[in-house]
Each structure stands twice: as structure tokens, then as C-alpha cells.
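Just so it is clear, the values below take in all heavy atoms, side chains as well, and ignore hydrogens, waters and symmetry mates. So that the names make sense, note that chain A is the first sequence line, chain B the second, and so on, each numbered from 1.
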Amino acid sequence: MPRLVGLRVLTARLLRRDVLVAPGDPSGGFARQRGRGPGVNGRAAPPAALEPADLLEGCRIVNVLRHGKQLAIIARGPGRGSGAHGERALLVQLGMSGGLTLVEHPMPEDVPLLHVHALWTMGAKARAGARLRPGGGVALLFRDPRRFGGLRVFRSCSELGEHWAALGPDALAVTPEDLLRAARNSERAIKALLLDQSSIAGVGNIYADEALFRARIRPARPARLIKPAAAVALTGAVRSVLLEAIDAKGSTLRDYRGADGLRGGFQLRHAVYGRGGQPCPSCARRLSEATVAQRTTVWCVNCQR
DNA sequence: CTGGTCTCCTGATCGC
DNA sequence: TGCGATCAGGAGACCA
């Protein structure tokens with residue numbers, strides 16, 4: 001989404017309040033996750049007061065950052081603030097089915113609006129972008145059919161920084177030392193560690209299995225038993241799997257589409273994910289499938305120790 | 001504190 | 001053809 005940088009947000013519309021976490025919300029979770037506690041009988045907590053700028057209305061987008069699976073749109077408020085001050089952030093968590101789509105504005109008729117939970121309109125860049133019609137604006141859509149994703153408001157970049165500091169290092173930058181530190185004295189399965197965003201940020205179920213296969217590590221192996229050489233192999237495997245998947249525009253399972261509406265292609269290269277019972281691509285032995293860390297897990301008992 | 005389990009939601013898929 | 005049941009997945013809430 002580098003094309004967003006420099007644009008001014010003209011309007012922001014939230015079509016579903018419960019995809020948003022606003023400042024002051026009592027829990028860290030998305031609003032809809034609150035109505036679940038004991039004694040809550042359909043009575044939601046009072047919604048936090050939202051300011052237009054919370055959804056970036058009137059702001060100019062100055063940057064788009066990513067940490068792990070989270071995307072942050074950094075914007076400068078409509079006030080007098082300049083420099084690093086007065087900057088705020090809207091965090092986008094895509095979950096498993098979420099996506100951002102950039103279309104021209106006014107929108108063509110055929111843009112699907114089903115499951116669009118938030119929508120922004122933006123002015124064209126001052127310097128006409130090559131791709132955009134002169135004078136034309138763009139619309140950004142947040143669509144998330146399964147609503148595992150959501151938006152989170154940060155009124156300053158330091159708040160965003162605190163939020164991200166609670167996550168582990170980004171999966172593309174994680175070092176063997178990071179991994180060993182997180183694994184030290186941990187009894188949990190190494191796969192659980194990979195999936196835990198506070199240990200390493202950015203690895204989901206598919207890529208955990210693929211990385212463990214490449215590193216020849218058994219998913220259920222207790223994390224504390226991971227030796228330095230294995231940590232080197234695993235961090236390298238995480239990085240290469242993710243980079244290849246990004247290059248292939250992701251893994252399309254069922255209904256996923258990228259921002260351009262196209263399917264990813266990495267699912268064709270999965271070595272183990274979704275292939276339980278089939279022959280291991282390396283040794284041809286039948287791949288095992290079981291639940292590890294509450295997730296479907298596929299591995300080769302022969303290749304992965 | 002640690003680690004395991006439950007829960008949210010919808011689309012795809014399968015059995016009847 | 002249609003319908004109901006089942007499953008998948010990210011991550012916060014909750015519990016032992």
C-alpha cells in the first residue's frame with residue numbers, strides 16, 4: 001500500500017462498529033469479543049467516544065508500516081501538528097480473511113461491497129500519480145468476511161510503538177538468538193512458539209508447518225530442546241518460506257484474494273500443509289497429521305526430529 | 001507466570 | 001437441487 005502515502009483522507013466510514021477497537025475500550029480485544037463474559041446479557045459496554053480523526057478523516061497519510069501480521073497506516077492530523085508530533089495510526093489486522101482494496105473513486109459499479117466494514121475516500125496526490133486519472137480520487141476498502149480481523153485506533157505513534165513492543169521480533173528479521181531466547185526454559189511445542197505473536201510476529205499455521213518441515217524439526221518438540229544449529233535452520237526456514245510465499249502472492253485456500261483480486265499461488269508449493277496422508281516430498285513416507293498447539297499440523301516423522 | 005482451551009464468523013465442501 | 005453438518009483459521013478471554 002505504498003500508493004497511500006501522500007493522500008489526504010476526505011471521508012472515513014465505519015460500517016460495523018464491532019470491527020474497531022477505540023482508545024479507552026476496556027479490553028484489548030475487538031469490541032464484539034466483550035459481550036461474552038459472565039453476566040453480560042446482550043448488554044455491550046458503552047462505546048468509546050470516537051473522533052473523526054481516529055479513523056483518519058481529515059488526515060494526510062505519511063507512512064504505512066508493518067510488524068508481523070499487523071499493518072499500520074500512519075497519518076498526520078488535520079491540526080497544526082507537524083513533524084513526528086501530531087501523528088497517529090490506524091492499525092489494520094487482516095485476520096485470515098481480511099483485505100484492503102484500493103479502487104478509484106467514485107467507485108465502479110462492480111466493486112463488491114459485501115463484507116466491507118470500513119471505507120475511506122481520498123484525494124489524489126498533489127503531484128499527479130502516474131496510475132491515477134488526473135483529478136481522480138481513490139477509495140480504500142477494508143473487507144473481512146469472517147471478521148477475525150479488525151481495526152485499532154492509536155492516537156499517537158508512541159502508543160502504536162508500545163503495542164508493537166509487546167510483540168516479538170518480526171518473522172522476516174528474527175535471529176537465531178531471538179528464537180533461542182524465546183525458547184529458553186519453555187516446555188511448549190516449538191510450533192506453539194512460532195504461532196505465538198508475542199514470541200515471533202508474523203508466522204501463521206501454514207507457514208509454521210512449512211518452516212518446520214524445511215528445518216527438519218518435529219512440530220511438537222519442546223521449545224527448550226531446540227539447539228543453536230536448529231535455531232539457525234528454523235529462522236532461516238521461516239524467512240525463506242515467507243519470502244517465497246510473498247513472491248507467489250500468498251497461499252490461496254478457499255476464498256482468499258489479494259488486493260488486486262487475484263489468487264495467490266503458494267499453495268501449489270506447500271510441502272506439508274494440507275497434505276496429511278500423502279507421501280513426504282522428501283522421503284515419500286506417509287505424512288502425519290495431528291493437532292499441535294490447537295491447530296491442524298502436518299509433518300514427516302522420518303524427516304522431522 | 002505458563003500453557004492449554006474456548007470462542008468469535010463465514011465460505012467451501014461433503015454426505016444425504 | 002437443496003439442506004444441514006463440519007471444518008478451517010488468528011488471537012483475545014479465560015481457566016487450571
For the pair made of [atom1] in [X] and [atom2] in [N], what is the distance, rounded to whole Å?
X	N	atom1	atom2	answer
Met96(A)	dT10(B)	CE	C1'	9 Å
Asp196(A)	dA11(C)	CG	P	10 Å
Asp18(A)	dT7(B)	CG	C1'	15 Å
Phe148(A)	dT10(B)	CZ	C1'	9 Å
Asn185(A)	dC1(B)	CG	P	16 Å
Gln93(A)	dC9(B)	CD	P	17 Å
Arg16(A)	dT10(B)	CZ	C1'	12 Å
Asp144(A)	dA11(C)	CG	P	12 Å

Among dG3(B), dA11(C), dT10(B), the one nearest Lys69(A) by side-chain distance: dA11(C)
Glu187(A) side chain, from C-beta outward: closest of dG3(B), dC9(B), dG12(C): dG3(B)
Using a cut-off of less than 4.0 Å, is there contact between a side-chain N or O of [X] and OP1 or OP2 of [N]?
X	N	result
Arg147(A)	dT10(B)	yes
Thr296(A)	dC7(C)	no
Ser97(A)	dT10(B)	no
Gln294(A)	dG4(B)	no
His115(A)	dC9(B)	no

Worked verdict on Ile190(A) versus Leu193(A) for side-chain contact (heavy atoms from CB on, under 4.5 Å): CA-CA 5 Å; Ile190(A) 183 63; Leu193(A) 198 82; 4.0 Å; yes
Test item: Ser97(A) side-chain N/O and Arg146(A) main-chain N/O as donor-acceptor pair under 3.5 Å: yes
N/O donor-acceptor pair under 3.5 Å between Ser198(A) side chain and Asp196(A) backbone: no
Heavy-atom closest contact (Arg155(A) atom, Glu159(A) atom, distance): N-OE1, 3.6 Å
Ring geometry between His163(A) and Phe154(A) (parallel below 30°, tilted from 30 to 60°, perpendicular above 60°):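 It falls in the tilted class, 30° to 60°.
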dG10(C) base / Arg295(A) side chain donor-acceptor hit below 3.5 Å: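 Under the 3.5 Å cut-off, the side chain and the base do form a donor-acceptor pair.
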